[in-house]
Colleague: 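Input: one structure, supplied below.
What you see is a predicted model, and the numbers here were worked out from it, not measured in a lab. Chain identifiers are assigned alphabetically (A, B, ...) following the order of the sequence lines, protein sequences preceding nucleic acid strands; residue numbering begins at 1 within each chain.
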2 protein chains.
Amino acid sequence: MVNARYDHAVETRELRYFVAVAEELHFGRAAQRLTMAQPPLSRAIQRLERRLGVVLLHRNARGVALTEAGSVLLREARTALDAVEAAERRTRRAATETPGLVLATKAGASRELLSKLLDGYAAEPGAVAVEVVLCGPGEQERLLRDGRADVALLQRPFDTTAGFDTEDLHTEQQVVVLPAGHPLADRTHMSMAEVTTLTDLPLPRWPRRDGSHPGGPGPQVRDHTQLFQLIALGRACAIVPESLRATLRDEHATVPVPDAPAVTTVIAWPPHSRSTAVADLVRTATRL
Amino acid sequence: MVNARYDHAVETRELRYFVAVAEELHFGRAAQRLTMAQPPLSRAIQRLERRLGVVLLHRNARGVALTEAGSVLLREARTALDAVEAAERRTRRAATETPGLVLATKAGASRELLSKLLDGYAAEPGAVAVEVVLCGPGEQERLLRDGRADVALLQRPFDTTAGFDTEDLHTEQQVVVLPAGHPLADRTHMSMAEVTTLTDLPLPRWPRRDGSHPGGPGPQVRDHTQLFQLIALGRACAIVPESLRATLRDEHATVPVPDAPAVTTVIAWPPHSRSTAVADLVRTATRL
DNA sequence: GCACAGCGATACCGCACGGGTATCAGCCGT
DNA sequence: ACGGCTGATACCCGTGCGGTATCGCTGTGC
């Protein structure tokens with residue numbers, strides 16, 4: 001360290017600190033989350049702001065608000081931290097002798113596609129063990145980005161495939177799931193407009209990525225089991241890909257919704273992946 | 001810092017150190033490049049290895065070699081460091097009041113497309129200033145990845161578009177450029193095989209990303225000016241997209257090479273880009 | 001209207017860690 | 001066998017980071 005010029009580059013620790021503060025919007029709670037005291041955290045953020053020459057937070061006497069630049073940094077810092085974590089994890093995994101693949105997929109979705117894929121790949125010469133990680137909605141992208149998974153099954157337009165390489169596997173229409181015996185249950189088809197105006201069966205509210213639920217009339221649901229139970233009880237309806245019909249019992253009825261957006265299941269993997277196992281798995285998948 | 005457990009996460013400084021060593025394959029030179037002494041660098045790498053629980057380098061008494069895990073980390077660390085740099089740069093730019101776009105493109109390539117794009121976008125309502133950065137082959141991806149550019153024109157299959165969102169703009173065939181008056185100059189077409197066996201006119205050798213040149217018979221070239229001069233002198237030939245014919249004078253002749261891979265010019269931008277300016281520019285581009 | 005609660009900023013201190021110099025230890029080529 | 005490379009080790013020093021104590025501010029409740 002020759003002198004006190006601000007030529008230091010940003011460290012991941014500072015990014016972690018900033019993300020904590022930006023998420024909590026409260027220095028004290030953020031410090032607690034980081035298991036440190038509040039003053040050094042305040043100073044670290046000040047240092048970061050000075051170094052970037054940018055005001056990241058507006059300090060109102062009662063808490064904190066993100067500036068425009070701050071919300072840019074929040075988004076960018078998250079992906080940068082994911083990239084660092086991914087570097088760490090992939091390096092560790094590269095050093096273990098059992099390579100293996102980790103495949104992330106949504107619980108309950110694309111069951112048939114998944115088993116065909118796993119069987120097909122296992123029959124390939126040179127196939128390695130595949131560990132399947134079932135995760136909540138929107139979680140797969142995170143796993144793929146931070147190196148916990150090597151490959152994932154995603155569904156457009158629900159999941160965002162930005163930043164990954166993908167191959168389309170399967171496209172399907174959506175259906176509305178109703179309680180069996182509902183007056184509309186034997187319709188040949190319904191429109192989105194009709195479904196959203198079913199006031200007796202509101203659409204459920206899924207949690208956002210941060211765990212909070214959007215406001216609205218429908219019940220809050222966390223997974224498909226809850227969802228289908230609520231539908232069977234006549235408290236909700238839902239628009240889902242038609243392949244989910246395979247998991248339904250006779251307490252549910254389905255009606256096609258032709259104008260709902262088609263759902264495309266894609267296989268996704270991080271770019272620059274040099275793994276032949278990933279390439280083999282993708283090749284198997286596209287042949288199905 | 002409660003105790004001496006190895007629960008610290010990887011810092012960007014350590015990644016920078018490792019990349020320097022992995023690129024130089026020599027602690028002394030790497031330390032010089034980092035403007036620091038060699039011993040602390042050695043220790044930092046040891047710490048990193050201990051923390052990851054992985055051997056990254058084989059220390060032969062005469063220099064250093066990357067392990068399997070080491071080369072994984074080299075690749076991953078580069079993208080992670082680019083992501084951190086991008087976070088820094090984009091945050092700084094978000095704080096400046098003049099938004100502006102930076103567009104990276106290869107020098108000399110797609111001149112006509114570029115001017116149509118710039119004119120078309122400038123006519124859009126809400127258009128912001130566009131700064132054009134001309135850069136060497138393969139450099140655009142770097143600029144896009146580390147936040148120095150917001151959008152780039154790339155050419156498949158020369159450039160890799162992995163990790164970016166892209167839209168195809170234009171596909172063209174390739175032609176071979178010969179000195180005017182060459183015996184083959186008035187052929188209606190040639191095959192790749194014919195071109196590569198022209199021993200009197202070897203294909204030139206472009207520098208790799210690290211600046212080194214591959215071995216071979218042809219002359220080394222750094223840019224298109226050098227290339228076309230060498231061709232005019234009867235020392236080389238080259239296969240280039242046909243749009244480059246517009247920049248040629250009468251000292252060159254071109255012959256189509258139908259079996260050369262078609263070149264697709266795409267517009268690329270980093271995923272998660274929330275900038276409306278980028279979206280507008282892309283929309284303009286796809287309408288051309 | 002004033003005291004208090006809650007927030008982030010500041011002051012000050014101690015230590016651990018990052019960096020420097022000097023030196024050691026192996027391995028090659030001559 | 002011995003210099004001349006390499007990277008590793010020993011030891012020291014300065015500073016930068018984190019800790020505690022406290023301040024300054026502001027909105028709030030009685």
Colleague: Please tell me which of the listed nucleotides, C/dG19, C/dA9, D/dG7, lies nearest to the side chain of B/Met36?
Modeller: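 Side chain of B/Met36 sits closest to C/dG19.
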Colleague: Any side-chain N or O of B/Arg47 below 4.0 angstrom from OP1/OP2 of C/dC17?
Modeller: no
Colleague: Just checking, is any N or O donor in the side chain of B/Gln46 or B/Ser42 under 3.5 Å from an acceptor N or O on the other one?
Modeller: no
Colleague: Please report the distance, rounded to the nearest Å, between OH in A/Tyr17 and P in D/dG16.
Modeller: 16 Å
Colleague: To the nearest Å, give me how far apart CZ (B/Arg50) and C1' (D/dA8) are.
Modeller: 13 Å
Colleague: Any side-chain heavy atom of B/Glu49 sitting closer than 4.5 Å to one from B/Val55?
Modeller: yes
Colleague: May I ask you to say what B/Arg13 touches in the nucleic acid, namely base, sugar-phosphate or nothing, with a heavy-atom cut-off under 4.0 Å?
Modeller: sugar-phosphate
Colleague: Output the rounded distance in Å from CD (A/Glu49) to C1' (C/dG8).
Modeller: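 After rounding, the gap between these two atoms is 12 Å.
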Colleague: Quickly work out the A/Glu24 CD to C/dG8 P distance and round it to whole Å.
Modeller: 11 Å
Colleague: Let me spell it out: for each of B/His26 and A/Leu41, pick the nucleotide of DNA chain D with the closest heavy atom. Which residue's pick is nearer the 5' end?
Modeller: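 First, find each residue's nearest nucleotide; the 5'-ward one identifies B/His26.
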Colleague: Mind checking if B/Gln46 touches a base, just sugar-phosphate, or nothing, with heavy atoms under 4.0 Å?
Modeller: sugar-phosphate
Colleague: Whole-Å distance between D/dG18 C1' and A/Ile45 CD1?
Modeller: 14 Å
Colleague: Rounded to the nearest Å, what distance is computed from the CZ atom of residue A/Phe27 to the C1' atom of nucleotide C/dT10?
Modeller: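 Taking CZ of A/Phe27 and C1' of C/dT10, I get 14 Å after rounding.
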Colleague: Measure the distance from CG on B/Leu57 to C1' on D/dA8 and round it to the nearest whole Å.
Modeller: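 In whole Å, D/dA8 C1' and B/Leu57 CG are 14 Å from each other.
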Colleague: Above 12 or not: heavy atoms from other molecules or residues under 6.0 Å from CZ of B/Arg29?
Modeller: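 Yes - once you tally the heavy atoms of other residues, nucleotides and ligands closer than 6.0 Å, there are more than 12.
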Colleague: According to a strict under-4.0 Å criterion, is A/Ser42 in side-chain N/O contact with OP1 or OP2 of C/dA9?
Modeller: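 Looking at the OP1 and OP2 atoms of C/dA9, one of them is under 4.0 Å from a side-chain N or O of A/Ser42.
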Colleague: For residues A/Leu103 and A/Leu281, determine if any side-chain heavy atom of one lies less than 4.5 Å from a side-chain heavy atom of the other.
Modeller: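 Contact flag for A/Leu103/A/Leu281 side chains = yes.
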Colleague: Any N or O donor-acceptor pair under 3.5 Å from the base of C/dG6 to the side chain of A/Arg29?
Modeller: no
Colleague: For D/dA8, does either OP1 or OP2 sit under 4.0 Å from a side-chain N or O belonging to B/Arg59?
Modeller: yes
Colleague: Compare all side-chain heavy atoms of A/Leu57 with those of A/Phe27 and state whether any distance is below 4.5 angstrom.
Modeller: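 When only atoms from C-beta onward are counted, A/Phe27 and A/Leu57 do touch, with a gap below 4.5 Å.
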Colleague: Nearest whole Å is fine: how far is C/dC17 P from B/Glu14 CD?
Modeller: 12 Å
Colleague: B/Gln38 or B/Arg43: which one's nearest nucleotide on DNA chain C is closer to the 5' end?
Modeller: B/Arg43
